[in-house]
Participant: 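Below are the structure tokens for one structure; questions will follow.
Numbering of ligands and ligand atoms starts at 1, following listing order. In what follows, every heavy atom counts, from backbone to side chain, and hydrogens, waters and symmetry copies are set aside.
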Amino acid sequence: MDFILLGPPGAGKGTQAKLMIDKWAIPQISTGDILRAAVREGTPLGVEAKDFMDRGELVPDRVVIGIIAERLKKKDAAAGFILDGFPRTIPQAEALQEILDELNRGIDHVVSIEVDDEELVTRLTGRRMCKECGESFHAVFNPSAKEGVCDRCGGDLYQRDDDKEETIRQRLAVYSRQTQPLIAYYEKKGKVRRIDGTGSIEDIFKRILDAVGK
Ligand code: AP5
Ligand code: MG
Ligand code: ZN
């Protein structure tokens, strides 16, 4: 099963991907998580990506397409994957199609999670994220059992550098300009299911299961 999770910053892509991993035992592939790990490790990729990420802009297509081309060839993705935060532009979607064609596979489901901007800002300003596994918590809506510690893996929680209100607004603008057109792109292919991303995390997961017929 090959999935794409679409949705604006804070829609819950990462949160829902973790539930999907548990259910289907296929990996979450988050370009954001891969880029943040590269920034932390100070690799050339991280050095190139950091300024774009701090400004709330997209990292150049060629960089993220290269990451995905490598990642999708790994063994653990053979039975399926959940793409979280990729593709984000039409050229990325076209490149993905070529990569998948070469691997003789295709996207089965595109789920677009929809939440309005003010709710997204509230979610992101209160987010706490795990340094180790990328799990998202929220100081008020979804707190970890022990403050500052990840429920899933025991890693330390932190606030992302791009979760400042000004940067969040920029990310939302970038989403509507560069990523939202992908909904129409995949609608033309008859693949998209749009779901309401508000309500409890469990309810949204049920909507995803319904949308993909599981
Ligand atoms: P990325 O890491 O992908 O960030 P994003 O798209 O901005 O999305 P987020 O991770 O912020 O949100 P999410 O939907 O995962 O929400 P979450 O589940 O955490 O990208 C970061 C940057 O990397 C980009 O700006 C760009 O620079 C670069 N980049 C990445 N991919 C790229 C690409 N393909 N091309 C170019 N550049 C790329 O939830 C958010 C919060 O809400 C949490 O606190 C959570 O606990 C809470 N929450 C979740 N569900 C609910 C609910 N139902 N009710 C209440 N609160 C909830
Ligand atoms: Mg995320
Ligand atoms: Zn963790």
Participant: Against heavy atoms of H138, which atoms of ligand 1 measure under 4.0 Å?
Facilitator: 44 (O), 46 (O)

Participant: Determine, considering heavy atoms only, which of I67, D203, L6, T15 sits nearest to atom 39 (O) of ligand 1.
Facilitator: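 Among I67, D203, L6, T15, the closest heavy atom to atom 39 (O) of ligand 1 comes from T15.
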
Participant: Among F137, F52, F141, which residue places a heavy atom closest to atom 46 (O) of ligand 1?
Facilitator: F137

Participant: Could you tell me if the side chain of I26 sits less than 4.5 Å from the side chain of F81, heavy atoms only?
Facilitator: no

Participant: Out of curiosity, I34 CD1 to L45 CG, how far, rounded to the nearest 0.5 Å?
Facilitator: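 One gets 9.0 Å once the value is rounded to the nearest 0.5 Å.
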
Participant: For the backbone of P143 and the side chain of R128, can you confirm whether one donor and one acceptor N or O come within less than 3.5 Å of each other?
Facilitator: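 Such a contact is absent between R128 side chain and P143 backbone.
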
Participant: Please state which option from V59, L83, L172 has its nearest heavy atom closest to atom 37 (N) of ligand 1.
Facilitator: V59

Participant: Relative to ligand 1, is V64 under 4.0 angstrom through side chain, backbone, both or neither, heavy atoms considered?
Facilitator: side chain

Participant: What protein heavy atom sits nearest atom 15 (O) of ligand 1, and how far away is it?
Facilitator: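 Ranking protein heavy atoms by distance from atom 15 (O) of ligand 1, first comes G14 N, 3.0 Å.
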
Participant: Are F141 and F137 connected, step by step, through hydrophobic side chains (Ile, Leu, Val, Met, Phe, Trp, Tyr) whose heavy atoms are closer than 4.5 Å?
Facilitator: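 Hydrophobic grouping puts F141 apart from F137.
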
Participant: Give a yes/no verdict on whether any heavy atom in G7 is under 4.0 Å from an atom of ligand 1.
Facilitator: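 Contact check G7 vs ligand 1: negative.
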
Participant: Quick one: nearest non-hydrogen protein atom to atom 9 (P) of ligand 1, plus distance?
Facilitator: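 Closest protein heavy atom to atom 9 (P) of ligand 1: R127 NH1, 3.3 Å.
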
Participant: Counting only N and O atoms by type, is there a donor-acceptor contact under 3.5 Å from the side chain of S112 to the main-chain atoms of R194?
Facilitator: no

Participant: Does the side chain of M129 reach to within under 4.5 Å of the side chain of D163, using non-hydrogen atoms?
Facilitator: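 The answer is no; the side chains never approach within 4.5 Å.
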
Participant: Heavy atoms only: give me the nearest T89-L58 pair and the separation to one decimal.
Facilitator: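 T89 and L58 have their closest heavy atoms at CG2-CD1, 3.6 Å.
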
Participant: Out of R128, R88, Q170, E135, whose heavy atom sits nearest atom 5 (P) of ligand 1?
Facilitator: R88

Participant: Tell me: protein heavy atom nearest atom 50 (N) of ligand 1, and distance?
Facilitator: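 Scanning the protein heavy atoms, the shortest distance from atom 50 (N) of ligand 1 goes to I201 CG1, 3.6 Å.
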
Participant: Identify the closest protein heavy atom to atom 7 (O) of ligand 1: which residue and atom is it, and at what distance?
Facilitator: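 Its nearest protein heavy-atom neighbour is R171 NH2, 2.8 Å.
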
Participant: Of the listed options (G199, G12, A139), which comes nearest to atom 53 (N) of ligand 1 when hydrogens are ignored and any heavy atom counts?
Facilitator: G199

Participant: Look at atom 27 (O) of ligand 1 and find which of R55, E57, Q92, K18 reaches it with the closest heavy atom.
Facilitator: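 The nearest heavy atom belongs to E57.
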
Participant: Under 4.0 Å, heavy atoms only, figure out whether ligand 1 is touched by the backbone of V174, its side chain, both or neither.
Facilitator: neither

Participant: Is there any N or O on R160 that sits under 3.5 Å from an N or O of ligand 1?
Facilitator: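 It does: an N or O of R160 is found under 3.5 Å from an N or O of ligand 1.
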
Participant: As an exercise, identify every atom of ligand 1 less than 4.0 angstrom from a heavy atom of N142.
Facilitator: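 Matching atoms, with element in brackets: 46 (O).
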
Participant: Would you please name every residue forming a ring pair (Phe, Tyr, Trp, His ring centres under 6.0 Å) with Y158, sequence neighbours left out?
Facilitator: none

Participant: Is the closest heavy atom of R36 to ligand 1 under 4.0 Å?
Facilitator: yes

Participant: Can a non-hydrogen atom of G10 be found less than 4.0 Å from any atom of ligand 1?
Facilitator: yes

Participant: Can you tell me the protein heavy atom closest to atom 22 (C) of ligand 1 and the distance?
Facilitator: M53 CE, 3.9 Å

Participant: Quick check for you: with the Zn ion (ligand 3) as the vertex, what angle do SG of C153 and SG of C130 span, to 10°?
Facilitator: 100°

Participant: Do me a favour and list the nearest non-hydrogen protein atom to atom 48 (N) of ligand 1 with residue, atom name and distance?
Facilitator: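 For atom 48 (N) of ligand 1, the nearest protein heavy atom is R123 CD, 4.1 Å.
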
Participant: Any donor-acceptor pair under 3.5 Å linking the side chain of R207 with the backbone of I195?
Facilitator: no

Participant: Would a distance-only check, ignoring hydrogens and angles, find a side-chain to backbone donor-acceptor pair under 3.5 Å from D2 to D108?
Facilitator: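 No, the answer is negative, given that no donor and acceptor are paired below the 3.5 Å cut-off.
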
Participant: Pick, from I68, L35, T31, the option with the minimum heavy-atom distance to atom 28 (C) of ligand 1.
Facilitator: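 Of the listed residues, L35 has the closest heavy atom.
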
Participant: Between R152 and D22, is any pair of side-chain heavy atoms under 4.5 Å apart?
Facilitator: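 They are in contact (side-chain heavy atoms under 4.5 Å apart), so the answer is yes.
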
Participant: With side-chain hydrogen bond (donor to acceptor under 3.5 Å, both in side chains) as the rule and sequence neighbours excluded, what pairs involving residues 48-58 come up?
Facilitator: E48-R62, K50-D54, E57-Q170

Participant: Would you mind running through ligand 1 and noting each atom that sits below 4.0 Å from a heavy atom of I204?
Facilitator: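 Result: 53 (N).
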
Participant: Any idea which protein heavy atom is nearest atom 8 (O) of ligand 1, and the distance to it?
Facilitator: K13 NZ, 3.1 Å

Participant: What's the separation between atom NZ in K191 and atom CG in L6, rounded to the nearest 0.5 Å?
Facilitator: 13.5 Å

Participant: Just wondering, are more than 12 heavy atoms of other shown residues or ligands nearer than 6.0 Å to CD in E102?
Facilitator: no

Participant: Kindly report the SG-the Zn ion (ligand 3)-SG angle for C150 and C133 respectively, rounded to 10°.
Facilitator: 110°

Participant: Within the structure, is a non-hydrogen atom of P60 found at a distance of less than 4.0 Å from ligand 1?
Facilitator: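 Contact absent.
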
Participant: For ligand 1, is there an atom lying under 4.0 Å from some heavy atom of M129?
Facilitator: no

Participant: Can you check whether R193's main-chain N or O pairs, donor with acceptor, with H109's side chain at less than 3.5 Å?
Facilitator: no

Participant: I need the atoms of ligand 1 closer than 4.0 Å to a non-hydrogen atom of G32, numbered in the order shown.
Facilitator: 1 (P), 2 (O), 20 (O), 30 (C), 31 (N)

Participant: Are any of the side-chain heavy atoms of I4 and L182 separated by less than 4.5 Å?
Facilitator: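 Answer no - side chains too far apart.
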
